[in-house]
Amino acid sequence: MTETKRQLPSKYDHKEVERDRYTFWVDGEFFKATNDETKEPYSIVIPPPNVTGRLHLGHAWDTTMQDTIARMKRMQGYDVLWLPGMDHAGIATQAVVEAELKKEGKSRYDLGREKFVETVWEWKDEYANFIREQWGKLGLSLDYSRERFTLDEKLSDAVQEVFIRLYEKGLIYRGEYIINWDPQTKTALSDIEVIYEEVEGKFYHMRYPLKDSDEYIEIATTRPETMLGDTAVAVHPDDERYQHLIGKKVILPIVGREIEIVADDYVDMEFGSGAVKITPAHDPNDFEIGNRHNLERVLIMNEDGTMNENAGKYKGLDRFDCRKQIVQDLQEQGVLFKIEDHVHQVGHSERSGAVVEPYLSTQWFVKMQPLADRAIELQKSNDKVNFVPERFEQTYLHWMENIRDWCISRQLWWGHRIPAWYHNETGEVYVGKEPPKDIENWTQDEDVLDTWFSSALWPFSTMGWPDEESEDFKRYFPTDVLVTGYDIIFFWVARMIYQSLEFTGKKPFNDVLIHGLIRDSEGRKMSKSLGNGVDPMDVIDKYGADALRYFLLTGSTPGQDLRFYWERVEAIWNFANKIWNASRFVLMNIDDMEYDDIDLSGELSLADEWILTRLNKTIEHVTHNTDKYEFGEAGRYLYNFIWDEFCDWYIELSKLTLQGKDEKKKQTTLSVLAHVLDQTLRMLHPYMPFITEEIWQMLPHDGESITVQAWPKVNEQFTNEEAVEKMEKVMNVIKAVRNIRAEVNTPMSRKVTMYIKATDEMNEAQLEASRHYIERFCNTDELTIAQTVDVPEQAMSAVVTGAEIFLPLEGLIDLEEEIARLEKEREKWESEVALVDKKLSNDGFVKNAPEKVVEAERKKRVDYEEKLRLIEERLAQLKK
RNA sequence: GAGCCGUUAGUUCAGUGGGAGAGCGCUUGCUUGACAGGCAAGAAGUCACUGGUUCGAAUCCAGUACGGCUCACCA
């Protein structure tokens, strides 16, 4: 149905255009995967955002790319599933809720585990709604009927299944090791959750006295408080300085413990004094050395980072207060004799920012080597995961090749509880989905799993796995593409790949499209502390989701970072406004035209043929580049086609026909206008879904929504390169005239007399055929087109390919200036001719360059020389 | 210490073997009946540097400088 009167306001109102549209799409079920067997499936799973809060520009970027792909594939006839969902984000969410509780002066312990988890669920529900609302504002074509949450019953079942199978296979084990401990959130962390930052610290040099001797051994440390847990001093076995000391005892200052001097290859003789204090309970290397030498492990800290009873008089002090105190004490005792400034890397918790403590603790681990081997093997096969851009495959492989075991237990309450029970008396471990039968004798592990343990299963747990017969799993897994930032290749992409290989035997996705980070206009990371974050919802409010999306899609190339610029978003709003007004023009002219009235079989004007040819080129280019995920290139091409070619040229050219008397031609041109706009809107739709749907609905159309219309195809019938060449010739004449008129300040509104001297019969005929365009665009009152023209001296001239143009503008022309101008022109063409000649007289060029290139140069020479000849003739005439 | 990315117009970024491009900004002119958030014309760049490959390099290779990122157990 199309209304008879199509009146649009002259200003594009993004709020009006975007309001209610999302509801229309969702209610119409246009985004629902159909399981239609006649179509090929295409699937994407969303990287599930954390339920901790609002989406930021990074999310907007990531999801917009996915939406663009999904919308295009849908239009290309695929049965598209884009599966939405969210991540419980264990530590992040728990930290946020705990912070909220703290405001009320409460801690999670005040509530107890059950009540606390309940509170987090409430929080989750609230924020999940926020997130859905934001997805809607962005216009994401998600299939909500399949929305998942990592803590859903089915997904939790998948998590347990994976844990148990890995345990039974010996790929999950429990043990006491040095892990990264966050004393603030009081949980273990995996290696990648630790962020190393350069810190200006101190290097403390100490002398440990030997037992029954006056000798000392010199050691140095950045963490003096750990000396309370020292159980040895190590030197290199080949170090001549210390040969006589190996096996001797040292009296540990303050503590008074006797500790041994051991020999170990790990020690670097060149570094410092060549002797190292060994604290097996607080340093991973020392732990290893401790194992080799059977050393005692003395833990000196509590879980909250305060000192424990093994710290003697320092018990109860915070680790950093203890450091100050112990430094003072050791200095007084003469043990600590030198303090140097020392810049070194200190690990911080990714979430809480607290300084991470290497800490001896019993945790669960995934044995990585066998899983990693399989993933590395995959990349050597023909069936590998394609990273876009390719270089990220190296990043990924490097990490996989240097993999270390993954600590997966977290001392948190929010997450998947570890399905392990310990026998109260025997300490026996039981792992299984169901609790042991004599449950009263068993205690379940208190810990939950690293949140990434469940996200690693996302592409298949969301599709119904472990039920491998479930319809979605069979149809939509493996997925086609995963879109994510380079910052989580290790956290997530890598883990999905090896878990998927292990449990489904397939890679989880064909392609991984990697993007960068969003930065502010000065190139800084957006962060809360800098206060330079931009809320995508503010951008949408000011300029609309379409403008934001187009900005995100075209602002950078794959893998590069993107700076946010309000000015650019505004410029894109202008583009939307341009499209709006071009459409307004079309709608004003087509009256009650229906979709079936669009008829391109009539006599096409030169401009019609030109724009249809250009449309084909655009379809080809945009399709090809969007397929390659080159949204920037595709978007720019479309932008230029719409603005420069369709609006600035074709609409203007079409006015001639529309204002003419020939009704048949008029109908054809109207059809071309409607057709080109329709096809253009379809191509633009994945980029700017709202405005394109709005306009498409007002245009003559067939169907309920543009979201499910067919993607444009090249129509060879309308490719006419000859027409393009002719049209360009006319455009060059028009541009040259505009140029001259600008030179002498003759407004385009003033009518002029004009002569065109064509160089030959063909050019004359072609230009004559386009007389109406030239008359109109050059605003002539009298136009002569001929091979010989009688031109008054008082005229300005210009040469174009195939013709010379004369504008007699008596009174406006200064003959001297005109001569000077033409001489400059002559110089220009002389140097151009020289350049071409240089190339063509180079044997190497003529012999080696492709025939096409050489031919083009020859054509240029003919053209340039003719231009030069015409200018010289004119100059001779003027100088006479 | 290892690896990766970037260096192109005032600015933010495209381009990637055959004559330097876009948006914004700047200059000039336009009440052109879709749009003044517009139209038209223009100024503006030894494409970081040095070598090499090539008939031809901003584009490929090697190195240098500067900026940024990632990984790595140096006490």
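Since the structure is predicted, the reported quantities are computational estimates derived from the model, not experimental observations.
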What do you reckon, is CD of A/E200 surrounded by more than 12 foreign heavy atoms closer than 6.0 Å?
-> no

NA contact type, A/W566, heavy-atom cut-off 4.0 Å: base, sugar-phosphate, or nothing?
-> nothing

Contacts of A/H398 and A/G274 projected onto RNA chain B by closest heavy atom; the upstream (5') one is A/H398

For A/W573, what residues pass the side chain to side chain donor-acceptor pair (under 3.5 Å) criterion, not counting sequence neighbours?
-> A/H14

Between B/A40, B/G37, B/G23, which nucleotide gets closest to the side-chain atoms of A/K11?
-> B/G37

Describe the nucleic acid contact of A/L835 in one word from base, sugar-phosphate, nothing, applying a heavy-atom distance below 4.0 Å.
-> base

Integer angstrom distance from the C1' of B/G23 to that of B/U8 = 15 Å

Do A/E193 and A/S190 have a side chain donor and acceptor closer than 3.5 Å?
-> yes

For RNA chain B, the residues among residues 217-230 of chain A that have a non-hydrogen atom under 4.0 Å from it | A/A220

Quantified in whole Å, what is the C1' atom distance between nucleotide B/A34 and nucleotide B/C39?
-> 12 Å

Would you call A/E16 and A/K11 a salt bridge, using N to O less than 4.0 angstrom?
-> no

What side-chain donor-acceptor pairs closer than 3.5 Å can you find for residues 272-288 of chain A, not counting sequence neighbours?
{"unit_1": "A/S273", "atom_1": "OG", "unit_2": "A/E218", "atom_2": "O", "d": "2.5"}
{"unit_1": "A/S273", "atom_1": "OG", "unit_2": "A/A275", "atom_2": "N", "d": "3.3"}
{"unit_1": "A/K277", "atom_1": "NZ", "unit_2": "A/T226", "atom_2": "OG1", "d": "2.6"}
{"unit_1": "A/K277", "atom_1": "NZ", "unit_2": "A/D230", "atom_2": "OD1", "d": "3.0"}
{"unit_1": "A/K277", "atom_1": "NZ", "unit_2": "A/T279", "atom_2": "OG1", "d": "3.1"}
{"unit_1": "A/T279", "atom_1": "OG1", "unit_2": "A/D230", "atom_2": "OD1", "d": "2.7"}
{"unit_1": "A/H282", "atom_1": "ND1", "unit_2": "A/P358", "atom_2": "O", "d": "3.4"}
{"unit_1": "A/H282", "atom_1": "NE2", "unit_2": "A/I300", "atom_2": "N", "d": "3.1"}
{"unit_1": "A/D283", "atom_1": "OD1", "unit_2": "A/N285", "atom_2": "N", "d": "2.8"}
{"unit_1": "A/D283", "atom_1": "OD1", "unit_2": "A/D286", "atom_2": "N", "d": "3.0"}
{"unit_1": "A/N285", "atom_1": "ND2", "unit_2": "A/Y266", "atom_2": "OH", "d": "3.3"}
{"unit_1": "A/D286", "atom_1": "OD2", "unit_2": "A/T279", "atom_2": "N", "d": "2.7"}

Looking across every strand, which nucleic acid part, if any, lies under 4.0 Å from A/R404 by heavy atom: base, sugar-phosphate, or nothing?
-> sugar-phosphate

Give me the distances for all protein-to-nucleotides 30-34 of chain B N/O pairs that come in under 3.5 Å?
{"unit_1": "B/G33", "atom_1": "N2", "unit_2": "A/Q659", "atom_2": "NE2", "d": "3.1"}
{"unit_1": "B/A34", "atom_1": "OP1", "unit_2": "A/K655", "atom_2": "NZ", "d": "2.9"}
{"unit_1": "B/A34", "atom_1": "O3'", "unit_2": "A/R584", "atom_2": "NH1", "d": "3.2"}
{"unit_1": "B/A34", "atom_1": "O2'", "unit_2": "A/N581", "atom_2": "OD1", "d": "2.8"}
{"unit_1": "B/A34", "atom_1": "O2'", "unit_2": "A/R584", "atom_2": "NH1", "d": "2.6"}
{"unit_1": "B/A34", "atom_1": "N6", "unit_2": "A/C647", "atom_2": "O", "d": "3.0"}
{"unit_1": "B/A34", "atom_1": "N6", "unit_2": "A/E652", "atom_2": "OE2", "d": "3.2"}
{"unit_1": "B/A34", "atom_1": "N3", "unit_2": "A/N581", "atom_2": "O", "d": "3.2"}
{"unit_1": "B/A34", "atom_1": "N3", "unit_2": "A/A582", "atom_2": "N", "d": "3.3"}

Taking the six-membered ring of A/F337 (Phe, Tyr or Trp), confirm whether the NZ or CZ of A/R207 is under 6.0 Å from its centre and within 45° of its axis.
-> yes

Under 3.5 Å side-chain donor-acceptor pair for A/T554 and A/R568 | yes

List in chain and number order the residues that pass side chain to side chain donor-acceptor pair (under 3.5 Å) with A/N589, two or more places apart in sequence or in another chain; answer none if no residue qualifies.
-> none

For atom NE2 of A/H342, decide whether the heavy atoms of other residues, nucleotides or ligands shown that lie under 6.0 angstrom number more than 12.
-> yes

More than 12 heavy atoms of other residues, nucleotides or ligands under 6.0 Å from CD of A/E270: is that the case?
-> no

Spacing of A/Y550 atom OH relative to B/G23 atom C1', expressed in whole Å = 10 Å

Please determine which of A/D541, A/V534, A/V539 meets the side chain to side chain contact (heavy atoms under 4.5 Å, CB included) test together with A/L548.
-> A/V539

Who passes side chain to side chain donor-acceptor pair (under 3.5 Å) against A/E865, sequence neighbours left out?
-> none

Dot-bracket notation for RNA chain B is requested: 5' to 3', Watson-Crick or G-U wobble pairs only, both distances under 3.5 Å, with ( ), [ ], | and . as defined.
-> ((((((((.[[[[.)..(..]]]].(((((.......))))).....[[[[[..)....]]]]])))))))....

Between A/E857 and A/R391, just flag the one whose closest nucleotide in RNA chain B comes earlier from the 5' side.
-> A/R391

Non-neighbouring partners of A/E857 that pass side-chain contact (heavy atoms from CB on, under 4.5 Å), sequence neighbours left out | A/V836, A/K839, A/L840, A/F845, A/K860

Would you please indicate yes or no on a ring centroid separation below 6.0 angstrom for A/W643 and A/F641?
-> no

Identify which nucleotide among B/C71, B/G18, B/C69 has an atom closest to any side-chain atom of A/R519, counting heavy atoms from C-beta outward.
-> B/C69

Does the ring center of A/Y396 lie less than 6.0 Å from the ring center of A/H398?
-> no

Are A/W573 and the base of B/G37 stacked, counting only ring centres nearer than 5.5 Å and planes tilted under 30°?
-> yes

Distances for protein N or O near nucleotides 10-13 of chain B N or O, under 3.5 Å:
{"unit_1": "B/C13", "atom_1": "OP1", "unit_2": "A/R563", "atom_2": "NE", "d": "2.8"}

Kindly point out which of B/G29, B/C71, B/A75 is positioned nearest to the side chain of A/H344?
-> B/A75

Pair A/Y216 and A/Y208, ring centroids less than 6.0 Å apart = no

Heavy-atom protein contacts under 4.0 Å, nucleotides 54-59 of chain B, coded B base, S sugar-phosphate only, - none = -B----

Honestly, is A/R776 close enough over A/W649, meaning NZ or CZ under 6.0 Å from the six-membered ring centre and within 45° of the axis?
-> no

Which pairs pass side-chain hydrogen bond (donor to acceptor under 3.5 Å, both in side chains) with one or both residues in residues 485-495 of chain A, sequence neighbours excluded?
-> A/Y486-A/D561

Do the charged groups of A/D239 and A/R241 touch, with an N to O distance under 4.0 Å?
-> yes

By a strict heavy-atom criterion of less than 4.0 Å, which residues belonging to residues 263-273 of chain A are in contact with RNA chain B?
-> A/Y266, A/V267, A/D268, A/F271

Same-atom distance (C1') from B/G51 to B/C13, integer angstrom = 29 Å

